[in-house]
Amino acid sequence: MHSGGRLWRCRWHRDGRRLDRRRGRPRLSCGARPEFRRPGQRATVRGPMRLSQILISTLRDDPADAEIPSHKLLARAGLIVKTAAGVYTFAPLMWRVVKKFAQIVRDELDAEGANEVMLPIIQPKELWQQSGRWDRYVRDGIMFTLKDRKGSDMCLGPTHEEVMTAYVNAQVNSYKQMPVNCYQIQDKFRDEIRPRFGLMRGREFLMMDAYSFDADQAGLDVAYQKMRAAYCRIFERCGLQYTVVQADSGAIGGAGSEEFMVIADSGEDSILYCQDSGYAANVEKATSVLPVAPAGGEPRPMQKIATPGVKTVAQLEAFFPGWVAGRMAKTVLYHVTWKDKEKVVAVMMRGDLEINEVKLANAVDALAVRLATDEEIKAATGADTGFAGPVGLRDDVPLLADESLKDRTNLLVGCNETGFHCLDVNLGRDCRMPSWKELRLARAGEGCPVSGKPLQQARGIEVGHIFKLGTKYSKAMQATFMDQGGKPTPFVMGCYGIGVSRTPAAAVEQNFDDKGIVWPPAIAPFECVVAMLDGKREEQQALAEKLYGELRSAGVDVCLDDRAMSPGAKFKDNELLGFPVQVFVGRKAAEGQVEFLVRRGMQKSECAAGEVRARVLAALGR
RNA sequence: CGGGCCGUAGCGCAGUUUGGUAGCGCGACUGGUUUGGGACCAGUAGGUCGGAGGUUCAAAUCCUCUCGGCCCGACCA
């Protein structure tokens, strides 16, 4: 399919001027003026400021493959163009957005003393073997790998712990050189199972990744808090509604971690939170107050009952009136993979609750867990799927149980025989005592672990993630420094990521209406557009140019829409593109009147030319 | 990885059931008329129907294979 368009196609401008192909860029009708901007004030990006000189191609229809608002709008506005599944070209205006966001990130990280560096995308296998991640990432298919002409294995960096650790290890030899925090803003590559939602889950994407190196845990705690504070400032400056949640540290590994979530219906992550206590956590990590279930009473003798065809908790409730799910224990068989072995294990959970596979993987320190197949279940239990249980379970199948089953009596369980279940089972008496773990999936409505009030659920887009890695990578890679006592000591590390291309998409997800994008001013491609509605009328052109110049010298990131389009088309186009403040110079130009639009809320009003500057500044909150 | 659906002009789609001259809207280009909510008239260009093989007098259409894309699911016993 060529929905991405013919890439070689000669481009034309809206106003009919053809690109000068020899020079490879548009002929300029007039030179761009130099910009005057005090550094460090606001994130601004230089470039041509006349829309007639900027490649813009908006579409009338949503692209067929877009599902969520940000993807539809970014594609329809021509801001992103798909090159391959999960791989996008950023149009000039979108690149301005990304650069502005990146600049905000830089400002805030630099303010905390972080160093920007640039690490290679192409990385050698050896580095990844040192940390032990090569096999895992290759097996999980996350990583793009390639061979060079000598046959050496390389990969396209999905993340940069290894390279950064190796780099800092080579440069830092003494505790006196710390703390150190280095970051980069760089393309990352992950061969996602299912790229989707435009920039949200791509296979190539821009990411800021920072790594802190400290001599001890206390140093890491300080570094972590600094980064946390910087992250808050970054997302606040972008005007995003976000929340910080406790998270599982996942494939990266390490101890504590928090995620920065932009709240949006289309978010891929589910979070549980409590407004009373401020508790917020990714569902993978969340805990809750254990819901009550009826007690089992004094232990009774176990009995085995024929239950032909009854395989699920719901079916058992129907089959045994009076036995509620809370008095059952389901036994789910998982195929677990460790670094050096794989095995099927049995996991017990109270019948009315669910297993959290992330917690399971962590509890058994596994690389991966998945539900066992029907064949694996048959092999491990001797029974068909639906009848697994602790009673009579083969000794070589490890038995785990969630703490919700601790001290529970007279349970209803499977007994590894097709067509039978057991009643009044007491763990440790009728079967092995399982090893107890916390494996339960917390759910909305259950009590907040802090306040006890019901937990609320929301969807979130993960735009940032901070981890306390500790010595996981430095130990594995033997990255050490000399401590005060002259002993080689592994670095205590933190790592911190921000989705630099994802965040602007998340911003759109939170800021749009039926007319198009409503960019937050801090990352809008331009803060303001001055549009002449009929460029052939001299008074319009002159007034537009004048206002454009005034706004520029007032420090506004403004562009001049001098494209030759009909007025209606120009309104629609600018609304779709979403510039926060829009000034239209039209038929009342001769009287010194223009039209003033604040994109958010679409408030439109007439305005004297002399007041434009003040009103634009006010609308931008200056 | 499993299931479903889709590949026809730059974009959005019809045509496939029942084989018979490749279509529509938008966009693009030329000329003209327009100029306040994606203008109008006239004309023009643009497609080996994702690819390969097969069946047939004849294939976008039927068959086989293949490549690409999209969606859903990824299992609670």
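Small disclaimer: the values here were computed from a predicted structure and weren't measured.
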Nucleotides 42-44 of chain B: which of its N/O atoms have a protein N/O under 3.5 Å away?
none

(Q) Side-chain N or O of A:Ser566 versus OP1/OP2 of B:rA39: is the shortest distance under 4.0 Å? (A)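 Looking at the OP1 and OP2 atoms of B:rA39, one of them is under 4.0 Å from a side-chain N or O of A:Ser566.
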Quiz item: Looking at A:Arg60, does any N or O in its side chain come under 4.0 Å of the phosphate oxygens OP1/OP2 on B:rG38?
Solution: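 False: A:Arg60 side-chain N/O out of range (4.0 Å or more) of B:rG38 OP1/OP2.
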message: At less than 3.5 Å, do the side-chain atoms of A:Asp573 and the base atoms of B:rG38 form a donor-acceptor pair?
response: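 Side chain to base: pair found, below 3.5 Å.
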[N] [atom2] sits how many Å from [X] [atom1], rounded?
{"X": "A:Ile193", "N": "B:rC70", "atom1": "CD1", "atom2": "C1'", "value": "17 Å"}
{"X": "A:Asp61", "N": "B:rC26", "atom1": "CG", "atom2": "P", "value": "11 Å"}
{"X": "A:Lys82", "N": "B:rG7", "atom1": "NZ", "atom2": "P", "value": "15 Å"}

### Query
Taking RNA chain B as the partner, which of residues 386-395 of chain A come within under 4.0 angstrom of it by heavy atom?
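Close to the strand are A:Gly386, A:Phe387, A:Ala388.
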Position toward the 5' end of RNA chain B (nearest nucleotide), A:Ala66 or A:Val332
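Final value for this comparison: A:Ala66.
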Let me know which of A:Asn574, A:Asp513, A:Asn511, A:Ile517 forms a side chain to side chain contact (heavy atoms under 4.5 Å, CB included) with A:Arg599.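 Exactly one option meets the side chain to side chain contact (heavy atoms under 4.5 Å, CB included) with A:Arg599, and it is A:Asp513.
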Query raised in the report: Applying a 3.5 Å limit to both distances, which nucleotide forms a Watson-Crick or G-U wobble pair with B:rA14?
Result: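 The base-pairing partner of B:rA14, which may sit in any strand shown, does not exist here.
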field: Side-chain heavy atoms of A:Arg60 within contact of A:Arg76, under 4.5 Å
entry: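 A:Arg60 does not reach A:Arg76 side chain to side chain.
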ask   = For the residue pair A:Phe387 and A:His421, does the interplanar ring angle fall in the parallel (under 30°), tilted (30 to 60°) or perpendicular (over 60°) class?
value =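 Judged by the thresholds at 30° and 60°, the geometry between A:Phe387 and A:His421 is tilted.
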